[in-house]
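No experiment lies behind these values; they were computed from the predicted model shown. Values reported hereafter were calculated over all heavy atoms of this structure, with side chains retained and with hydrogens, waters and symmetry mates removed. Each chain gets a letter, A, B and so on, in the order its sequence line appears, and its residues count up from 1.
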Amino acid sequence: MQKAYDHNDFEDDIYAQWEASGAMRADNSSKKDPFTIVMPPPNVTGQLHLGHAAMLAIEDILIRYKKMKGHESLWIPGTDHAAIATENVVIKHLGLNKREEMSREDFLEEAKKFATEKHDTIIGQTKKMGTWLDWSREAYTLDETRNHAVTTMFKMLYEDGLIERGYRMINWSVGAQSVLADDELEWEDKGEPFYYIRCGEFIIATVRSETKCADSPLILHPEGQYARVKYIPNEGTPETMIFAKVLFDDKERLTKLFNLLEGRFELIETLKGSELAGQEFESETFAGKRKFYVLTDELIDMEKGTGAMTISVNHATDDYELAQKHDLKDYYIEKIDFEGNMTAIAGPCAGMPVAKARKEAGKLMKSQGLLVGQDNTYKHRVPKCYRSNCVVEPMISPQWFIMVEKEFTDRFSGEPTTLKKQMQEAVRGGHVKIIPEQYEKVYFHWIDNLRDWCISRQIWWGHRIPVWYDEQGEIHLPKKQKLIFVRHGESEAARDNIFAGTIDSPLTEKGISQARATAQNLKGRNITKIITSDLSRAADTAKIIKEELGLTSEIEIWPEITEYNWGEFEGTVFEDNAALRHAAATNTGESNTDLLQRAERVWNKLKEIETEGEILIAGHSTFTAALYACKEGRKSEDFPGYREAWHVEPAEALETIVHQKPEGQNLRQDEDTLDTWFSSALWPYSTLGWTGPGSEESADFQKFYPNDVLETGWDILFFWVARMIMFGKYATGKYPFHTVYLHGLVCDEKGKKMSKSKGNGIDPLEVIEEVGADAVRLSLVIGTSPGNPIPLGKNKIKGYRNFVNKLWNAGRFIQMQLEDKSIPNPSFNKEERSKSPLIKGDLEGLSLADKWILSRLSTVTAQVAENLEKYEISSAGDAIYHFVWDEFCDWYIEASKVELNPEILKYVYGEILKLTHPLCPFITETIWQQLFDPNGSIMDLEYPNPQFGSPEAEATFTTVQNLVTEIRKIRAEKKLNPKEKISVKIKSDNTEIKSAGDLLKVLANLSEIEIEANVAKPEHAAVSVVDGYDLYVEIPFDPEAEKNRLTKEIEQLQKKISGLEGRLSNPSYTEKAPPALVQQTQDELTQAKDGLMKMESELSNL
RNA sequence: GGGCGAUUAGCUCAGUUGGCUAGAGCAUCUGGUUUACACCCAGGAGGUCGCGGGUUCGAAUCCCUCAUCGCCCACCA
């Protein structure tokens, strides 16, 4: 082993080993308890940042720990197509101003290319972290399987009446000509004039003067107090006005707000809002006479403005909701168009952009005498488009919504409920636990205020809404279609294994019987269409099945299904078959990629078929596999679906369900795509092959659903976690996971957010390069707590790099100790271990240090397991860190230099490696292979669970440690030359302590030591009492220094004694506190007093 | 505006049903390199637990007031 650990020499190789071993793949037929995590899929927009690194570290620790604990651990990797984010990045990447500069198809093609590239980067980075992920199950939110799940879900919700299409308020960016999601808005403070306007008798207020041009309801608070006043101007005729009483009572504010009026007000009467409701009147606006209608709503805040407002139903969220609530059909008036210009209703301002109209309307109203006041100091926040920097207008537009408060019948329980109720019940009912707990409150707060979820987006990149409209505008949904893939029976060529030059040959007798057997398996199915290729054995198979089943429909021949060229599969599938290799070599030369593209064409053609019933495809194994690969969205170099298809016996059939375009003439699919969170919300089971409720459950789904933990950043609790809970319960009848673990944002050492501009950002790959993945993992996990920021800086990372190196060097020490000795590996096998004296807990004959370290190992192991079970990863890491460094290295290894017990040394170190493995997978595996088993993997071993508890040994060794520390302290205080050995006497009859004499001698650097029940006090000695034992350290005589030392010690003891006495003299303490505690206090006091006495007598003897 | 949370050593933070002398890492001070490790070892110093009240035998921990800071959600009357 080299002197310092260099991660670069090992990490990539170790990861390659793990991948090659196939051990990362989870087995859905395993009898072990499952433990499932689906990885939150990173966006395919860029690179991994430290937040991802933290996520990967935490999840990997849990996965490895659970696997070593005997679970069937499954951790599914994946990526997210991140609809809006990706689309924007791609637009920028392509140098477009807007996407319409390209055709939809071309744009999607480019986006796909871009996403693939980013995907590859992200996967590479993910592996660098040392992640134990099941790559054979990798998923992508936009692949075929996930699309199928999305469509299934959409249909379920639609059929339950929970998805509706309706006109809703959206954020419209005039500049970008696009809808923006709420979280895409940027807010800016803006100063604009605030107007107080006459509206009949009422005074209303607004900053949006341009919208006060149409008929409107006028809203008051039903319980609000309104003043009807007589305004007597200094010049001119009096008039009546109505506005909030609170405003009238505050004369100073009134004068300030109604600054265009000069005169006085007289109160006529005070009215409640409800008394004014119902009246209709006409009033002048800047665009002419308009009708108004008074109604009331609690939404009104009497303190704001005048306590009265008119509304713009089409152009403000609150207003729109009011209109819905009060069913204000007549007031859906479009005042602004999608170009951001005023419509005809605005009269003199028609055609003007909003900003210009706003000023113009103010001027007009002023000149018409409609204003009573204008506040030029008013400031408000306006939403802006982050892309075009224009002001975002709330507009009404047709959108798809998920109705969270609409009642439906739960298909699993049969009970009526709502999506919102189910989300509340998840956490309230304890089905889903959120860590840290405080986020449960945040969750409830959000759910309680939850509104219908707008799921449609006016972008191209994403799952297109699976809805078609016919010419009458009627809605059609896709149909579920079952595809059955049948592999052809055995042919003569296959039988003889010699078909070089041709891949076509008729079925053998066996092949014919295989085809019949396949047909038997398909009896009773509703097959309405049979498709096959133009090669004989496939066509024969199809013919036999058709005859056996008595089907009437014609067999369709699709030449493109014909299979050729297997060249690129060589080595993966045809490992052992020389004849097949030869066949491949002489084939047509179609590349693997070509094959897949051909399969994709067939795949798309299959989806276009309009038929009731099931479709049977009798093909060739390679091509069937390629079709499967399309379904899984695989690329040419990697499609595990291939193996599945290949291994299907001819008598079996592979089935898959797809969605097909609905039947009908001139159907037009909805142009919009789904919110990216729609597909993400299905992630816990769409990754497990879910295709709908009931009988269609996949083996993965049955074994691994529900998931166990959902680990992610707290910032997507609402966007993602809550929606997974909602969809999961609705679609599967089960909450998708039982625990939500939220990690915080990674920030710098000072707790500041990392950002490029501040220059405090850290690139995970760079640090991994520098210090290794293990150290990075530790830094991201230790010293953190769920939901709180994860502080990270160079110092911290360096600290954990040092730890990794420490672990390495402990290994080197052990290697050197064991070099000439043949110490067999301690048995890590359960059965063998039970025969070992160690496992029986028989510590007889071992040294104090051995007993101590075994006991400590047991204690720490139990603690680590307990911490990890509770997801307290930081505590677990901390416990390991201190055990390894402060106990194993600083004391046990030092003790080994005095009295070596190679067997125990090796055993404890082995256990430490396993204990540490989930946190530091690379270095532990590396050392494991160098020291213990060059051909094994530490991941195949059981997580440690030793039980050698010996509280006595721990206590006694602690005393030894205290003695050593005390001697070292005295030595340091006396400024003795470190090389100078000194002599020490200890008054003790404890045989264990006596037996540790040699150890004490070395650790404290002593020339001589005497431990006896009665030791004579040396003439010149520093005196101390450690855990009740008198300690004499022989030192050169220096009464002054000794006096000082004793005085200091005595002071401390006195302080302690007076504290303890104070407590004990309080009768209510002795009466009410637990007796054990009182006893403990008593004992301490006795020992402290004893020590004090001795020290005092020493002092007086000086 | 509504909500959530924080305030403990110079810095970043632990402190799980209230109970030993309130802990860790980094920084700092003192002393130490012939063989596991200077990416190291040994020892030390450093805290009125934000302020003020209350409950209790006992409060960093529970309750109230205030102060300061952070975050989330709302936003155009």
S.K.: Rounded to the nearest angstrom, tell me the gap between atom CG in D448(A) and atom P in rG2(B).
M.R.: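 From D448(A) CG to rG2(B) P: 18 Å.
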
S.K.: Atom CG of L717(A) to atom P of rC4(B): distance rounded to whole Å?
M.R.: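 Going from CG in L717(A) over to P in rC4(B) covers 15 Å.
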
S.K.: Quickly, which of K335(A), E210(A), K212(A) forms a side-chain hydrogen bond (donor to acceptor under 3.5 Å, both in side chains) with S312(A)? Name it, please.
M.R.: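 Passing option: K335(A).
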
S.K.: Dot-bracket for RNA chain B, 5' to 3', counting Watson-Crick or G-U wobble pairs under 3.5 Å, with [ ] for crossing pairs and | for inter-strand pairs?
M.R.: (((((((..((((.....[...)))).(((((.......))))).....(.(((..]....))).))))))))....

S.K.: Can Y196(A) and T206(A) be counted as having a side-chain donor-acceptor contact under 3.5 angstrom?
M.R.: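 Y196(A) vs T206(A): no donor-acceptor pair found between side chains.
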
S.K.: At under 4.0 Å between heavy atoms, what does T1081(A) touch on the DNA or RNA strands: base, sugar-phosphate, or nothing?
M.R.: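 Answer is nothing: T1081(A) stays at 4.0 Å or more from every strand.
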
S.K.: Could you tell me if the ring centre of Y378(A) sits under 6.0 Å from that of H380(A)?
M.R.: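 For Y378(A) and H380(A), the ring centres are under 6.0 Å apart.
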
S.K.: When the C1' atoms of rU17(B) and rA45(B) are considered, how many whole Å apart are they?
M.R.: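 Those two atoms are separated by 36 Å.
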
S.K.: Base, sugar-phosphate, or nothing: which does R1063(A) touch, judged by heavy atoms less than 4.0 Å apart?
M.R.: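 Sugar-phosphate, no base atom in range.
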
S.K.: For rA60(B) and rU8(B), measure between their P atoms and round to the nearest Å.
M.R.: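 Rounded to whole Å, the distance is 15 Å.
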
S.K.: Expressed in angstrom and rounded to an integer, what is the separation of K1056(A) atom NZ from rA22(B) atom P?
M.R.: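 From K1056(A) NZ to rA22(B) P: 11 Å.
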
S.K.: Using a 4.0 Å heavy-atom cut-off across all strands, classify P1067(A) as base, sugar-phosphate, or nothing.
M.R.: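 The residue P1067(A) makes no contact with any strand.
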
S.K.: Restricting to non-hydrogen atoms, name the atom on N805(A) and the atom on Y5(A) that form the minimum distance, rounded to 0.1 Å.
M.R.: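 Of all heavy-atom pairs spanning N805(A) and Y5(A), the closest is OD1-N, 3.2 Å.
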
S.K.: Classify every nucleotide of nucleotides 31-39 of chain B by which part a protein heavy atom approaches to under 4.0 Å, writing B for the base, S for the sugar-phosphate alone and - for neither, in 5'-to-3' order.
M.R.: S---SBBSB

S.K.: Distance check, P atoms only: rG15(B) and rU7(B), in whole angstrom units.
M.R.: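 Looking at atom P only, rG15(B) and rU7(B) are 10 Å apart.
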
S.K.: What is the separation between atom OH on Y800(A) and atom P on rA24(B), rounded to the nearest whole Å?
M.R.: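 Those two atoms, OH and P, are 13 Å apart.
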
S.K.: Generate the contact string for nucleotides 71-77 of chain B. Rules: B means base contact, S means sugar-phosphate contact only, - means no protein heavy atom under 4.0 Å.
M.R.: SS-BBBB

S.K.: Rounded to the Å, how far apart are L1060(A) CG and rG19(B) P?
M.R.: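 It is 17 Å, rounded to the nearest whole Å.
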
S.K.: Assess, by modelled atom type and distance only, whether the side chains of D1083(A) and Q1079(A) contain a donor and an acceptor separated by less than 3.5 Å.
M.R.: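 Yes, Q1079(A) and D1083(A) have a side-chain donor paired with an acceptor closer than 3.5 Å.
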
S.K.: For D6(A), which residues count as a side chain to side chain donor-acceptor pair (under 3.5 Å) partner, sequence neighbours excluded?
M.R.: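 With neighbours one apart ignored, the set is empty.
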
S.K.: Could you pick out which residue, K870(A) or Y881(A), lies toward the 5' side of RNA chain B when each is mapped onto its nearest nucleotide?
M.R.: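 Its nucleotide being nearer the 5' end, the pick is K870(A).
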
S.K.: Within this structure, what is the OH-to-C1' distance between Y892(A) and rC41(B), rounded to whole angstrom?
M.R.: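 One finds 20 Å between C1' of rC41(B) and OH of Y892(A), rounded.
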
S.K.: Between rG32(B) and rG47(B), how far is it from one P atom to the other, in whole Å?
M.R.: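 Looking at atom P only, rG32(B) and rG47(B) are 28 Å apart.
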
S.K.: Between Y800(A) and Y881(A), how do the two ring planes meet: parallel, tilted or perpendicular, split at 30° and 60°?
M.R.: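 Y800(A) vs Y881(A) ring planes: perpendicular.
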
S.K.: Can you tell me how far P in rC20(B) sits from the matching atom in rC62(B), rounded to whole Å?
M.R.: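 Here rC20(B) and rC62(B) have their P atoms 16 Å from each other.
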
S.K.: Would you please indicate yes or no on a ring centroid separation below 6.0 angstrom for Y226(A) and F243(A)?
M.R.: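 Centroid distance F243(A)-Y226(A): not below 6.0 Å, so no.
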
S.K.: Atom CG of N1066(A) and atom P of rG19(B): how far apart are they, to the nearest Å?
M.R.: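 Distance check: N1066(A) CG to rG19(B) P gives 18 Å.
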
S.K.: rC51(B) and rU34(B): how far apart are their P atoms, nearest whole angstrom?
M.R.: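 Comparing P positions in rC51(B) and rU34(B) gives a spacing of 49 Å.
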
S.K.: Under a 3.5 Å cutoff, is there a donor and acceptor pairing between the side chains of N376(A) and Q374(A)?
M.R.: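 There is such a pair between these side chains.
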
S.K.: Please answer whether the main-chain N or O of S874(A) pairs with a side-chain N or O of D878(A) as donor and acceptor at a distance below 3.5 Å.
M.R.: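 Here the side-chain-to-backbone pair does not exist.
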
S.K.: Is a side-chain donor-acceptor pair under 3.5 Å present for D774(A) with H7(A)?
M.R.: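 No, because no side-chain N or O of H7(A) sits under 3.5 Å from a partner of the opposite role on D774(A).
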
S.K.: What is the separation between atom CG on L1006(A) and atom C1' on rA42(B), rounded to the nearest whole Å?
M.R.: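 Interatomic distance, CG of L1006(A) to C1' of rA42(B): 14 Å.
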
S.K.: Taking atom C1' in both rA24(B) and rU68(B), compute the distance separating them and give it to the nearest angstrom.
M.R.: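 Going atom to atom, C1' in each nucleotide, I get 26 Å.
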
S.K.: Is the NZ atom of K974(A) crowded by more than 12 outside heavy atoms at less than 6.0 Å?
M.R.: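 Enclosed.
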
S.K.: Quick one: which of V1033(A), L976(A), T965(A), I982(A) gives a side chain to side chain contact (heavy atoms under 4.5 Å, CB included) with I970(A)?
M.R.: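 Answer after filtering V1033(A), L976(A), T965(A), I982(A): V1033(A).
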
S.K.: How would you label the contact of K441(A) with the nucleic acid (heavy atoms, under 4.0 Å): base, sugar-phosphate, or nothing?
M.R.: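 Sugar-phosphate, backbone atoms only, no base.
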
S.K.: Rounded to whole angstrom, note down the P distance from rA14(B) over to rA6(B).
M.R.: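 Here rA14(B) and rA6(B) have their P atoms 10 Å from each other.
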
S.K.: Does W187(A) have any ring pair (Phe, Tyr, Trp, His ring centres under 6.0 Å) partners at least two apart in sequence or in another chain, and if so, which?
M.R.: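 Applying ring pair (Phe, Tyr, Trp, His ring centres under 6.0 Å) to W187(A) gives none.
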
S.K.: Are D9(A) and Q2(A) close enough that a side-chain donor and a side-chain acceptor fall under 3.5 Å?
M.R.: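 Checked: D9(A)/Q2(A) side chains pair up, N/O donor to acceptor below 3.5 Å.
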
S.K.: Any protein N or O atoms within reach of nucleotides 10-13 of chain B? Criterion: under 3.5 Å, listing atom names and distances.
M.R.:
from: rC11(B); atom 1: O2'; to: K750(A); atom 2: NZ; distance (Å): 3.2
from: rU12(B); atom 1: O4'; to: E749(A); atom 2: O; distance (Å): 3.3

